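Heads up, the thing below is written out as structure tokens.
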Amino acid sequence: MTIYEKNMEALKENYSVIYEVLKNIREDELSDIVHIEDARKGGQVVVYNDNGKSIYFNSKYDPENEASKYMADTFEMQNNSLLIMYGLSNGYYVKEHIKYAKNTKCIVFEPSMDIFMQVILHIDISELIQSERFCLVIRGVNTEEFLITIEKWLDMANKDANKIMAAPKYTELFQDGYEEFRTSCMDMYKKLQAVTYAGLDMGKNVAKNEIYNMLFLEGCRSGDCLKNKFPKDMPAIIVAAGPSLEKNMDLINEAKGKAFIIVVDTAVARVVKKGIKPDVIISMDGEKPVDMFKIDGIGEFPFLAEVGTNREVLEHVRPKDLFFISSNSGIWKEMFKKAGSGISDLESGLSVATESIAAVISWGFKRIIFIGQDLAFTGSDVNMADDESGNYLCVKDINGEDILTRRDYYIYLKWMENVAFTNKDVEFIDATEGGAAKKNFTRMTFREAIDKYCTEECDVEDILLSVPKLFDGDDRKIISETLGKVKRNLRNLKKQLVSCKADCLRGKRILESGEGNVKELGRIGTNIDKLIKVIESCDERALIYKWTVASEMGVYENINREDDVITAGIRAFETNAKYFEEIGNAIPELIEIIDDCLSKII
């Protein structure tokens, strides 16, 4: 098997999108702007022809040794951290990193197809391609995978330990690609920041919602039971609240009974006042204003909620048919399991519209039509020159012109584009008459979409109401029994937290005094690890995290500071002691809410 065949076989198994593009390219069709030379001491060198001048991307003498020196700063990266690199070059730089930086991951963004083709032909990178710690992105081929993988591998624990760098020569020769690379990286970091701040601002309230919303479990239904219930060719229509909604809202009734119509909470008042009856309403925000739902008869429409949906909204609406569609709570998952059902943890993407997308994909819809999904401003007065917050930016609209959007809208836009790229068996149709252009979406008018795809009659209401009700009859006791169990678990955890906090303070004193009691420090370290594993694995984990998210952020912030071993150890003991104390202080507050909820159930 030739080097080319070996590399292509690896691409076929691991990067089908890249493989499909490359398999149709013939060697005699390649540009002569790049070629590969043998180095004097072995190995291969990438040579680039820049207006008649040969530029060597690697050492002509010993490229492997050069790569090892260049990447030396990455060899000590902490476990589970991420190297994001601009340029594959001859592959040696990344190989050296993966060889020496154990338990890290690496994403490479290669801007030049000419370079990549020569590497595939002449340098064996098949082992790299097959590595689970490596992600390969070729600009213009599978660019979307860059953002998807960063989002998957980036988290609060590694955000300060990650490295972003470029292989030699790349920033000079491929500046436009480098700007795209940097912007994409920064966008993902800003999204992580947005998620974190949302958690800091709303964490306790969402936790309260997750407890008090158990009051609405009796007679509810599970979104999981809607999987594969709808006709295979029926489209879902997601109605959002963008400024363009007025242009085609009147057409929604024509799709009634021929599509599954979801109206997001911010659009429901406008839609219902027009005499349009949605198949379902969806709300997932833990702090969505109740005033938005002050509509006559609002409780008659089936209602989709997340377990963290604003409890006051559910209290006001009192939906006749309530579907809980998403939860990351082990407590809720266990309750639904005991009731003979289940509840998924949908990838929400931070907005009610993106949660709607995740829901209908999980239910088996293969065509999704969007209206009112502008994700940009129309005729906005925001002056970019005066914006010092960085909260606004320009994107292209559906006509290719610049249009202003907000940073959070941009995050939603990129999430949708990535989901459309990933779910290739689903057609995403943008029938929004205005707003931001969306990559990987099909553009057509709402009129065209209805005429083409909303053709078969279906009793959507019958499908929804065929889903069994849960937690009624004898199963009602599941709710109170679960809350009682949570109380007991939290009280037991409180005792462990008090003990382990004392251990942390003892460990700190040992290090500060210089006693060097290695055996005792080992015992303390083992106890800390055991307790952290208990916290991480318990059903109450999500509830605790939301209540103490600010404290957890402090733990992550302290992980990556560089100090000597003793100082780092003292800091670790201090941080863990504070963390255990914060959780310990949260437990009585959570139990008080549980008791209040239990009293209402009784």
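On a predicted model such as this, the values are computed, not experimentally measured, just so you know.
Contact record, Leu493 with Leu531: CD1-CD1, 3.9 Å, taken as the closest heavy-atom pair. Nearest approach of Ser344 to Lys227, heavy atoms of both residues: OG-NZ, 3.5 Å. When all heavy atoms are compared, the tightest approach of Asn90 to Pro63 is ND2-CB, 4.0 Å.
A donor-acceptor pair shorter than 3.5 Å can be found between the side chains of Glu66 and Tyr93. Residues Asn205 and Arg311 bring a donor and an acceptor atom of their side chains to less than 3.5 Å of each other.
Under the ring-ring contact (aromatic ring centres under 6.0 Å, His included) test applied with Tyr178, the options Phe109, Tyr86, Tyr170 reduce to a single match, Tyr86. Evaluated for a side-chain contact (heavy atoms from CB on, under 4.5 Å) with Met165, the options Ile84, Leu83, Thr171 yield exactly one hit, Leu83. Between Ile331 and the choices Lys485, Met214, Arg541, the side-chain contact (heavy atoms from CB on, under 4.5 Å) rule is met once, by Met214.
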Would Tyr212 and Glu315 satisfy side-chain contact (heavy atoms from CB on, under 4.5 Å), going step by step from the backbone distance to the final call? CA-CA 10 Å; Tyr212 281 118; Glu315 179 66 37; over 6 Å; no
side-chain contact (heavy atoms from CB on, under 4.5 Å), that's the test. Do Phe580 and Gln496 meet it? Break it down for me. CA-CA 9 Å; Phe580 296 148; Gln496 297 176 65; over 6 Å; no
Start with the C-alpha distance between Thr143 and Glu180, add both sets of side-chain angles, then the distance that settles side-chain contact (heavy atoms from CB on, under 4.5 Å), and finish with yes or no. CA-CA 10 Å; Thr143 309; Glu180 179 182 344; 3.3 Å; yes
Could you walk me through whether Tyr70 and Tyr92 satisfy the ring pair (Phe, Tyr, Trp, His ring centres under 6.0 Å) test, starting with their C-alpha distance in whole Å, then the side-chain angles of each, then the deciding distance to 0.1 Å, before giving a yes or no? CA-CA 10 Å; Tyr70 189 82; Tyr92 289 17; over 10 Å; no
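Ring pair Phe303/Phe293 is tilted by interplanar angle, where 30° to 60° counts as tilted.
The pair Glu520-Arg523 counts as a salt bridge, with a side-chain nitrogen and a carboxylate oxygen less than 4.0 angstrom apart. By the 4.0 Å N-to-carboxylate-O rule, Arg182 lies too far from Glu179 to be salt-bridged with it. Look at Asp503 and Arg506 and you find no salt bridge, because none of the NZ, NE, NH1 or NH2 atoms lies under 4.0 Å from a carboxylate O. At a threshold of 4.0 Å, the pair Lys333-Asp345 does not count as salt-bridged, since none of the basic side-chain nitrogens sits closer than that to a carboxylate oxygen. For Glu417 and Lys414, the salt-bridge test passes: some basic side-chain N is under 4.0 Å from an acidic carboxylate O. Ion pairing of Lys600 with Asp596 is present here, as a side-chain N (NZ or NE/NH1/NH2) and a carboxylate O approach within less than 4.0 Å.
A donor-acceptor distance shorter than 3.5 angstrom exists from the side chain of Ser356 to the backbone of Val352, with no hydrogens or angles considered. The main-chain N or O of Lys477 is found under 3.5 Å from a side-chain atom of Ser480 such that the two form a donor-acceptor pair. Formation of a donor-acceptor pair under 3.5 Å by the Trp547 side chain with backbone atoms of Ile587 is not found in this model.
Legend: residues meeting ring-ring contact (aromatic ring centres under 6.0 Å, His included) with Phe573, ordered by chain and number and at least two apart, are absent. Contacts of Glu127 classified as side chain to side chain donor-acceptor pair (under 3.5 Å), with partners at least two apart in sequence or in another chain: none.
Annotation: Phe324 is not in aromatic contact with Phe216 [ring centroid separation under 6.0 Å not met].
A distance of 4.5 Å separates CG in Asn162 from CG in Leu82, rounded to the nearest 0.5 Å.
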